[in-house]
Protein chains: 2
Amino acid sequence: MADQPDAPLTRIQQKNRDLILEGALTAFSLHGFRGATVDQIAEAAGLSKPNVLYYFATKDDIHKTLLTTLLDMWLAPMIRIDPNGEPLDEVLAYVSAKLDMSQRFPRESRLFAYEILQGAPHLSEILGGSLRGLVDTAAAILQGWMDQGRLAPVDPHHLIFSIWALTQHYADFDVQVRAVLGPGHDPFIEARPFIGDLYRKVLAV
Amino acid sequence: MADQPDAPLTRIQQKNRDLILEGALTAFSLHGFRGATVDQIAEAAGLSKPNVLYYFATKDDIHKTLLTTLLDMWLAPMIRIDPNGEPLDEVLAYVSAKLDMSQRFPRESRLFAYEILQGAPHLSEILGGSLRGLVDTAAAILQGWMDQGRLAPVDPHHLIFSIWALTQHYADFDVQVRAVLGPGHDPFIEARPFIGDLYRKVLAV
DNA sequence: TCCATTGTTGACCAAATGGTCAGGATCACG
DNA sequence: CGTGATCCTGACCATTTGGTCAACAATGGA
């Protein structure tokens, strides 16, 4: 158990922890926390099960590490909203960035989806804490623009929820989207102009 | 094993099967298929575990029965779109009905969410079969209205996806929505005008 | 080269869990 | 009220699975 705080990781530790987290991301995003087994994670990581448990004390530990590690990356686009930018451009850039994340990081999207569906046992404090703060900040910026008449007035919190819902849908419900569209369609290519158009109309003054 | 086809169910069979499905809906929607145990289902149903397995051969059987039974109800609102109705009213009625379902049947919404996240192992044929047919029909109606200039032209399939995403988000991600909004907010009361307003703008000619 | 630290694993364990079964309780109906 | 069908359960089983451990291998600095 290499759990001393601040102990700088050796090269091997760094590499194997990365392998494990990578394998676990695949396993958890495919089967959920309960559905993924340590054996699956070990195999995906190319390590033996005891070795996985050598680097992380418990399966839960791996899961928690993944979630908290990836949360920052997941929320990064929202922080980049610039209060001094052109309102509509800023929102559209955020929307586009979120759709990019769904396209490039579907495993991460599903990981979070499982966690929230489950009732967010590991993230509940964060949801009501720092995430809420982040959203409130972004909502305040949006509200400011609306007050200035530079965006159509809509509820900023629900505007943000709608962006999350619309973009993450294409990662989380990928199978359904593809099944319904049938072969010969690229969901993301089609979704991009649709969603962009949608927010242009919603937010046009 | 009471599995003869067409055998009419006795009163007791009817009641206990209903109890089991009800308990299983709660358990599966809370923990997912893998996460829910037969014991949990039995307890939620107020029956013993062997008795549960007396009415359904396997846990998988319960799950499959639930999914296929509830799918019709879940898709019903889409079928009610009336080609002869007023286009915008019809769409808004569908949106409102879907939001009602999220509010009144969040367990069902989560059940399906888990299934799709999992890769839809039980629903894959249906997704690409009858569901796809249903969506294509609805999309054709929408496209017709757009061609007549009675709705703004947007991709009808992705319009439908957006309605699913926006409405189901409030059921599936309930914890997140509530955590971010904080106490003293009713997500659904707020979401209703927001989403209605959104589609009015998107579809206005 | 030496050796303490770090890394790795086969074998194993206890608990959880899906499912079985023999036998007893209850019900429905002639 | 008798009896066959239906209903119910305690006890049990096999498998899966998270996690442990003793022993062995590799590493790297002095």
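To find a chain, count down the sequence lines: A is the first, B the second, and so on, and within it residues start at 1. These numbers come from a predicted model, not from an experiment.
The shortest heavy-atom contact between B:D155 and A:F194 is O-CE1, 3.8 Å.
Listed by first and then second residue, the ring pair (Phe, Tyr, Trp, His ring centres under 6.0 Å) pairs that reach into residues 106-146 of chain A are A:H63-A:H122, A:W74-A:F112, sequence neighbours excluded.
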| Stepwise, does the salt bridge (Lys or Arg N to Asp or Glu O under 4.0 Å) test hold for A:E22 with A:R107? | CA-CA 10 Å; A:E22 169 69 21; A:R107 291 180 306 171; 2.9 Å; yes
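In this model, the phosphate group of C:dT8 is approached by a side-chain N or O of A:Y55 to a distance below 4.0 Å at OP1 or OP2. Dashed line: the shortest gap from a side-chain N or O of A:Q13 to OP1 or OP2 of C:dT6 is not under 4.0 Å. For D:dT6, the OP1/OP2 oxygens have no side-chain nitrogen or oxygen of B:N16 closer than 4.0 Å.
Of the candidates C:dT17, D:dT9, D:dG18, C:dT17 carries the atom nearest the B:T37 side chain, counting heavy atoms from C-beta on. The side chain of B:R34 approaches D:dT17 more closely than any other nucleotide in the set D:dG18, D:dT17, C:dT8.
When the nearest nucleotides of DNA chain C are assigned to A:N51 and B:I12 by heavy-atom distance, the more 5′-ward of the two goes with A:N51.
The base of C:dG18 lies close enough to the side chain of B:K49 for a donor and an acceptor atom to sit less than 3.5 Å apart.
Between the side chain of A:R34 and the main chain of B:R34, a donor-acceptor pair closer than 3.5 Å is present.
Remark: C1' of C:dT9 and OH of A:Y54 are 13 Å apart, rounded to the nearest angstrom.
Each end of the helix from C:dT1-D:dA30 to C:dG30-D:dC1 gets its own axis from five base pairs, and the two axes differ in direction by 10°, given to 10 degrees.
In this structure, B:A42 reaches neither bases nor backbone, as no heavy-atom distance under 4.0 Å exists between it and the strands shown.
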